[in-house]
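These numbers were taken from a predicted model, which means no experiment stands behind them. Below, all heavy atoms of this structure are taken into account, side chains as well, without hydrogens, waters or symmetry copies.
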Amino acid sequence: DRNMKAYHHLDLKRELLDTALVLLREKGIKGFSLRELASRAGVSHAAPYRHFAGKDALISDLMLEGHRRLASALNAARQGVAGSAAERLLALGRAYLGFAREYPEHLSIMFSALGMNAAFALEKAHSAAGSSAYDSFSPLEATVRECQAEGSLDPKAGAEALAMAIWSQVHGLSLLRNEGIIEAMSRMRGGDEGLTIEAIFGILAAQYGKPGR
């Protein structure tokens with residue numbers, strides 16, 4: 001019946017998206033194709049086109065899904081801290097690190113030139129990106145402004161530039177950890193990845209949590 005067809009339709013789309021993530025991990029965006037996706041998913045070569053207009057549309061869907069999940073994680077982190085804005089800022093950093101570990105393929109698509117071009121080429125992506133549900137930068141920028149208001153960050157600095165600087169640090173840390181670099185370098189020095197991460201957040205706390213600037 002109609003409900004069963006709708007269920008199978010959505011179920012196949014999710015299966016295709018999940019299979020695409022596996023292929024993207026193996027092949028990268030440049031090596032990814034809908035033809036191979038169909039083969040890996042065990043469906044006809046035409047089946048993906050019933051759900052996606054093309055490769056760009058599928059990558060756009062995954063990018064937007066990633067931003068929605070990241071925005072949700074960051075907003076939850078903001079709401080979960082009742083202390084200072086500086087404490088909320090560190091909570092956002094930890095939430096970002098957690099997201100990066102749980103969704104590494106999404107992360108690689110979200111902030112790649114190919115992923116961005118795929119999204120902006122589609123009208124659907126343009127309209128969806130205007131929704132706060134997909135705005136993963138605003139929670140950080142809002143927290144930075146709160147830090148400036150309480151004096152833990154320089155109130156004279158541009159909030160957007162400050163937010164980008166902090167994001168760059170945590171994003172770089174996330175990529176290094178995902179690639180096993182932090183773990184390897186910690187072990188080479190007789191340390192532990194977890195302790196190294198805690199030490200890094202201690203440095204960030206000292207950098208972004210000093211009141212009275």
Shortest non-hydrogen contact from [X] toward [Y]:
{"X": "E193", "Y": "E183", "answer": "OE2-CB, 3.6 Å"}
{"X": "L90", "Y": "A205", "answer": "CD1-CB, 3.5 Å"}
{"X": "G93", "Y": "F201", "answer": "C-CZ, 3.7 Å"}
{"X": "L17", "Y": "F52", "answer": "CD2-CZ, 3.7 Å"}
{"X": "L58", "Y": "A20", "answer": "CD2-CB, 3.7 Å"}
{"X": "L16", "Y": "V43", "answer": "CD2-CG2, 4.4 Å"}

Test item: [X] and [Y] side chains (from C-beta on) under 4.5 Å apart, heavy atoms:
{"X": "L89", "Y": "L153", "result": "yes"}
{"X": "Q169", "Y": "Q207", "result": "yes"}
{"X": "I166", "Y": "L92", "result": "no"}
{"X": "M110", "Y": "L70", "result": "yes"}
{"X": "L107", "Y": "L175", "result": "yes"}
{"X": "L62", "Y": "L24", "result": "yes"}

Would you compute the distance between atom [atom1] of [X] and atom [atom2] of [Y] and round it to the nearest 0.5 angstrom?
{"X": "R177", "Y": "I200", "atom1": "CZ", "atom2": "CD1", "result": "10.0 Å"}
{"X": "S33", "Y": "L23", "atom1": "OG", "atom2": "CG", "result": "7.5 Å"}
{"X": "M164", "Y": "H171", "atom1": "CE", "atom2": "NE2", "result": "13.0 Å"}
{"X": "I109", "Y": "L21", "atom1": "CD1", "atom2": "CG", "result": "6.0 Å"}
{"X": "R69", "Y": "L64", "atom1": "CZ", "atom2": "CG", "result": "12.0 Å"}
{"X": "L140", "Y": "D135", "atom1": "CG", "atom2": "CG", "result": "10.5 Å"}

Could you check whether any side-chain N or O of [X] sits under 3.5 Å from a backbone N or O of [Y], counting only pairs where one atom can act as donor and the other as acceptor?
{"X": "T143", "Y": "P139", "answer": "yes"}
{"X": "R101", "Y": "L97", "answer": "no"}
{"X": "S60", "Y": "D56", "answer": "no"}
{"X": "N178", "Y": "A100", "answer": "yes"}
{"X": "S152", "Y": "C147", "answer": "yes"}
{"X": "K55", "Y": "L34", "answer": "no"}
{"X": "S108", "Y": "E105", "answer": "yes"}

Under-4.0 Å salt bridge between [X] and [Y]:
{"X": "E26", "Y": "R40", "result": "yes"}
{"X": "E198", "Y": "R94", "result": "yes"}
{"X": "E146", "Y": "R78", "result": "yes"}
{"X": "E36", "Y": "K27", "result": "yes"}
{"X": "K13", "Y": "D61", "result": "yes"}

Exercise for review: May I ask you to check whether H67 and F111 place their ring centres under 6.0 Å from each other?
Suggested key: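 They qualify: ring centres under 6.0 Å apart.
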Check your understanding: Among the clusters formed by ILVMFWY side chains lying less than 4.5 Å apart, do I181 and L204 turn up in the same one?
Key ->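 Cluster IDs for I181 and L204 match.
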Practice item. Kindly work out whether a path of hydrophobic side-chain contacts (I/L/V/M/F/W/Y, heavy atoms less than 4.5 Å apart) joins V170 to L176. Key: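 Yes, same cluster.
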Practice item. Take S72 and N75 through the side chain to side chain donor-acceptor pair (under 3.5 Å) test and state the conclusion after the steps. Key: CA-CA 5 Å; S72 177; N75 281 316; over 6 Å; no
Exercise for review: If the plane angle is over 60° it's perpendicular, under 30° parallel, otherwise tilted; pick one for Y103 and H106.
Suggested key: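 Geometry flag for H106 against Y103: perpendicular rings.
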Practice item. Apply side chain to side chain contact (heavy atoms under 4.5 Å, CB included) to E179 and S174, showing your working. Key: CA-CA 9 Å; E179 291 297 321; S174 298; over 6 Å; no
Practice item. For salt bridge (charged side-chain N to carboxylate O under 4.0 Å, His left out), just list the numbers for R88 and E150, CA-CA rounded to whole Å, side-chain angles, deciding distance to a tenth of an Å, and then say yes or no. Key: CA-CA 12 Å; R88 285 195 291 279; E150 76 176 10; 5.5 Å; no
